[in-house]
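Take a look at the structure below.
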Amino acid sequence: MAAIIQGIGAATALTSANSLDTKKSFFSNSRRSLSVGAERKGRTFVVRSDGRLSYGLNGRGGRAEQLITNAVAAKEDTAAASTSSKPGHELLLFEALREGLEEEMDRDPAVCVMGEDVGHYGGSYKVTKGLAPKYGDLRVLDTPIAENSFTGMGIGAAMTGLRPVIEGMNMGFLLLAFNQISNNCGMLHYTSGGQFKIPVVIRGPGGVGRQLGAEHSQRLESYFQSIPGIQMVACSTPYNAKGLMKAAIRSDNPVILFEHVLLYNLKERIPDEEYVLNLEEAEMVRPGEHVTILTYSRMRYHVMQAAKTLVNKGYDPEVIDIRSLKPFDLHTIGNSVKKTHRVLIVEECMRTGGIGASLTAAITENFHDYLDSPIICLSSQDVPTPYAGTLENWTVVQPAQIVTAVEQLCQ
């Protein structure tokens, strides 16, 4: 199966039967995961389900180009660089989260953990493994299966001076606590006239996994983004997972830390010495000149895979892990836009009302004069995530689509 969307020049508006036709609409829902077409010298690119790019006149025939997955980029690829000779110690991402949490629990006795199975079981993804025997059941509290109750309890504990870390077994389950997160967590500092601080961290896994089904494949970043008074960050590497965890715990603001279920076993060497990251700072993953690619969480790795292909095609993409989902780091993003004049946003969040939509609005409002072409946003399809593995892949952005979108932007 292939989805074909034919581009008509560099400023083509790509629409579907169900999309709203606007003058600058570049993408809309299609039969595939927001597949992108690009016309070059009368040829139409076809993004196939096997990740291959075919092209021919009007989408008929033509040879296929295989996505390059392990080519050597002209500039050093940070993710591919060997870490064996670097100082520090190697950790999986879930271990880095635990190390950051444990260091903060050692440093501050007010830090505590609560959630389902976080105690002696060690958490569904073992982020809290070993903490209950060390700190006791009062600081690592197993709760009933009642997200609204233990989230509300954690917010109340934060009001009294504790620094709770609330684990949602899955981010989708935290919808049951949306009232507590919105009406209490985000607003109490304001509605109390500053009498209460809410230094609480709400964290847990989300994202499209390997056939976990629709209810366990939620991307809820945009659900919580509109709540005033809350900060949001998304980790993507063991290094930033630990640094963001420590920063979130130390913050006097409520922070939601988004983790991805498919990144927990990612391994990286991190420093032995203590470090804390900035909750409002993006990460420059790969400097470049031709196009700014903004992404976060798991899509960072799809973008870097696509970047190898793009470099071998003669493009020089700049890749930024925005990391801070609220507020956006418009300083880093703006400097990149002023340099490249082209923006591609790649997200796993839904297209309608997603993080990409908010980011597009922010860039357009602040840096419109620096853009040489409309912003392109590649997002997940607005459908419940299918259980079937092949269909699941079709609902999220794939590296081949990123390559095609950059080719269109740079025409």
Side-chain angles (χ1 to χ4, degrees), residues 1-7 11-38 45 47 49 171-172 175 206-209 214-215 217-226 232 234 258 260 262 291-303 306 320-322 325-326 328 333 342-365 371 373-386 391-406 408-409:
M1 179 182 292
I4 307 173
I5 302 180
Q6 182 167 350
T12 304
L14 301 179
T15 60
S16 70
N18 297 324
S19 66
L20 182 65
D21 187 10
T22 58
K23 291 182 179 180
K24 291 189 177 182
S25 173
F26 256 62
F27 285 87
S28 61
N29 290 335
S30 68
R31 291 174 60 195
R32 261 214 62 203
S33 170
L34 295 173
S35 300
V36 185
F45 285 92
V47 184
S49 58
M171 276 296 181
L175 290 176
V208 177
E215 291 187 8
S217 301
Q218 298 270 41
R219 286 83 80 198
L220 300 181
E221 301 94 308
S222 62
Y223 283 51
F224 297 107
Q225 188 188 36
S226 60
M232 303 194 327
F258 290 93
H260 199 290
L262 292 185
V291 59
T292 297
I293 305 181
L294 304 175
T295 188
Y296 66 93
S297 191
R298 178 195 174 203
M299 284 297 113
R300 167 176 175 156
Y301 298 95
H302 281 210
V303 168
I320 296 176
D321 184 343
I322 62 174
L325 306 184
K326 184 179 182 179
F328 295 130
I333 293 170
R342 297 175 179 86
V343 177
L344 171 64
I345 301 170
V346 182
E347 63 176 346
E348 198 174 286
C349 197
M350 301 301 182
R351 175 167 179 77
T352 302
I355 296 295
S358 298
L359 191 54
T360 298
I363 295 171
T364 302
E365 181 178 355
L371 293 172
S373 61
I375 299 167
I376 290 181
C377 182
L378 297 179
S379 313
S380 292
Q381 287 190 349
D382 289 335
V383 297
T385 304
L391 294 176
E392 181 183 71
N393 287 335
W394 285 351
T395 64
V396 296
V397 180
Q398 300 299 326
Q401 296 167 252
I402 300 169
V403 172
T404 307
V406 170
Q408 177 174 331
L409 269 174

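Scanning both residues, Glu392 and Thr395, for their nearest heavy atoms gives O-OG1, 2.7 Å. Shown here for Cys377 and Gly356, the closest heavy-atom pair between the two residues is SG-CA, 3.8 Å. Nearest heavy atoms, Arg342 versus Ser373: CG-OG, 3.8 Å. Closest approach of Met350 and Asp382 over heavy atoms only: CB-OD1, 3.5 Å.
Not a single side chain to side chain donor-acceptor pair (under 3.5 Å) links Thr360 to another residue, sequence neighbours left out. Partners of Thr292 by side chain to side chain donor-acceptor pair (under 3.5 Å), not counting sequence neighbours, listed by chain and number: Ser336, Thr340.
Atom CG of Leu262 and atom CZ of Arg298 lie 5.0 Å apart (nearest 0.5 Å). The structure places CD of Glu221 at 8.5 Å from CE of Met171, a figure rounded to the nearest 0.5 Å.
Side chains of Phe224 and Phe258 form a contact here, defined as non-hydrogen atoms less than 4.5 Å apart. When side chains are defined from C-beta on, Met299 does not count as touching Ile402, because their heavy atoms never get closer than 4.5 Å. Side-chain contact between His260 and Glu348: present, with at least one pair of heavy atoms (C-beta onward) separated by less than 4.5 Å. You'll find the side chain of Val346 stays beyond 4.5 Å of the side chain of His302, heavy atoms only. In this structure, the side chains of Tyr296 and Cys349 come closer than 4.5 Å at one or more pairs of heavy atoms.
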(request) Mind running side-chain hydrogen bond (donor to acceptor under 3.5 Å, both in side chains) on Gln218 and Tyr223 for me, showing each step along the way? (result) CA-CA 10 Å; Gln218 298 270 41; Tyr223 283 51; 4.7 Å; no
(request) Please lay out, stage by stage, how Ile363 and Leu359 fare under the test side-chain contact (heavy atoms from CB on, under 4.5 Å). (result) CA-CA 6 Å; Ile363 295 171; Leu359 191 54; 4.0 Å; yes
(message) Walk me through whether Ile355 and Met232 qualify under side-chain contact (heavy atoms from CB on, under 4.5 Å).
(response) CA-CA 11 Å; Ile355 296 295; Met232 303 194 327; 4.3 Å; yes
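Residues Gln225 and Ser358 bring a donor and an acceptor atom of their side chains to less than 3.5 Å of each other.
Between Ile322 and the choices Ile345, Thr295, Leu294, the side-chain contact (heavy atoms from CB on, under 4.5 Å) rule is met once, by Leu294. For the side-chain contact (heavy atoms from CB on, under 4.5 Å) with Val343, the lone residue among Ile333, Ile376, Ile375 that qualifies is Ile375.
No donor-acceptor pair under 3.5 Å is formed between the side chain of Arg351 and the backbone N or O of Ser379. Not one N or O on the side chain of Ser226 forms a donor-acceptor pair closer than 3.5 Å with the backbone of Ser222. Checking side-chain atoms of Gln408 against main-chain N and O of Ala405 turns up no donor-acceptor pair under 3.5 Å. Side-chain N or O atoms of Thr364 include none that pairs as donor or acceptor with a backbone N or O of Ala361 at under 3.5 Å. Looking at Glu215, its side chain never comes within 3.5 Å of a backbone N or O of Gly172 through a donor-acceptor pair. Counting only distance, with no hydrogens or angles, the side chain of Arg300 and the backbone of Asp321 share no donor-acceptor pair below 3.5 Å.
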